[in-house]
Amino acid sequence: FFLMEPEKLSLVDIQINGYAGIDFSNPNLTAAQFRAAREAIRASGTSAFLATVITSPWEVYQRVLPLLAECCAEKDSAGIVLGLHLEGWHPKLSALSSTKPTFYSCSFFFFFEKSEHSFFFG
């Protein structure tokens with residue numbers, strides 16, 4: 001436990017699904033919308049965050065994740081967008097039991113160093 005001067009206090013949010021009416025899981029998300037949300041988050045006093053994509057159909061992941069990865073690698077995202085937090089399902093886990101629901105939630109985190117990243121979705 002430690003005390004900080006209020007003007008030096010900063011907030012790191014490890015799960016932001018969107019902001020200012022912009023949903024990071026929207027399959028129609030644009031880079032301009034993500035940038036607007038990023039700047040609104042910065043203006044709110046949050047110093048860093050993980051952009052989160054909620055549990056969605058596979059097609060949504062295929063559409064938004066490459067877009068978000070590119071936006072996260074931008075110079076203006078450095079220091080504020082730490083990476084991506086992905087919520088989702090895992091088909092191999094759902095095959096383990098026919099008596100339980102066929103949906104299991106998982107979380108994956110992708111962190112970007114500088115502007116270099118690799119991203120693959122088959």
Side-chain angles (χ1 to χ4, degrees):
F1 177 81
F2 61 94
L3 296 175
M4 260 183 146
E5 296 174 44
E7 62 274 3
K8 294 182 181 177
L9 188 64
S10 65
L11 173 68
V12 175
D13 194 328
I14 62 169
Q15 179 174 348
I16 294 185
N17 301 343
Y19 198 80
I22 298 166
D23 179 359
F24 299 153
S25 300
N26 181 338
N28 298 313
L29 179 70
T30 66
Q33 288 174 319
F34 179 81
R35 291 180 193 117
R38 178 191 65 213
E39 294 312 310
I41 291 165
R42 185 189 322 257
S44 75
T46 299
S47 58
F49 71 97
L50 290 172
T52 299
V53 178
I54 63 168
T55 303
S56 301
W58 183 246
E59 295 76 25
V60 172
Y61 294 122
Q62 289 178 308
R63 166 68 179 89
V64 301
L65 294 180
L67 172 79
L68 290 172
E70 286 185 29
C71 290
C72 288
E74 294 175 351
K75 179 180 155 188
D76 289 340
S77 290
I80 186 167
V81 185
L82 300 177
L84 301 177
H85 168 213
L86 310 182
E87 297 176 347
W89 57 272
H90 193 290
K92 290 183 181 178
L93 291 177
S94 65
L96 293 177
S97 173
S98 60
T99 60
K100 294 185 177 180
T102 58
F103 181 86
Y104 290 80
S105 180
C106 305
S107 290
F108 302 93
F109 299 91
F110 294 88
F111 297 94
F112 300 99
E113 223 175 90
K114 299 182 184 171
S115 63
E116 301 170 17
H117 67 276
S118 59
F119 224 74
F120 173 76
F121 291 92

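These numbers come from the heavy atoms of this one structure, side chains and all, not from hydrogens, waters or symmetry mates. Note that the numbering runs from 1 along the sequence shown for the chain. These numbers were taken from a predicted model, which means no experiment stands behind them.
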Report task. With rounding to the nearest 0.5 Å, note down the distance linking CG in Asn28 to CG in Leu67. Result -> 11.0 Å
Report summary line: The reported gap from CZ in Arg35 to CD1 in Ile22 (rounded to nearest 0.5 angstrom) is 11.5 Å
Query raised in the report: What is the distance from atom CD of Glu87 to atom CG of Asn17, rounded to the nearest 0.5 Å?
Result: 6.0 Å
Query raised in the report: Can you list the steps and then say if Leu84 with Val53 is a side-chain contact (heavy atoms from CB on, under 4.5 Å)?
Result: CA-CA 8 Å; Leu84 301 177; Val53 178; 5.7 Å; no
**Report entry** Gap separating the CD1 atom of Ile14 from the OG1 atom of Thr52, nearest 0.5 angstrom
**Finding:** 8.0 Å
**Report entry** Aromatic ring pairing Phe24/Phe34, orientation class (parallel under 30°, perpendicular over 60°, tilted between)
**Finding:** tilted
Requested in this report: Please check if the side chain of Arg63 supplies one atom and the backbone of Leu29 the other of a donor-acceptor pair under 3.5 Å.
Outcome: yes
Query - Shortest non-hydrogen contact between Cys72 and Val81, atoms and distance - result: SG-CG1, 3.3 Å
Query - Least distance between heavy atoms, Asn26 atom then Val64 atom - result: O-CG1, 3.2 Å
Query raised in the report: Roughly how far, to the nearest 0.5 Å, is OG of Ser44 from CD of Glu39?
Result: 11.0 Å
Requested in this report: Could you tell me whether a side-chain N or O of Ser56 sits under 3.5 Å from a main-chain N or O of Ile54, the two making a donor and an acceptor?
Outcome: yes
Report summary line: Between Arg38 and Cys71, the two heavy atoms sitting closest are NH1-O, 4.2 Å
Query raised in the report: To the nearest 0.5 Å, how far apart are CD1 in Ile80 and CD1 in Ile41?
Result: 6.5 Å
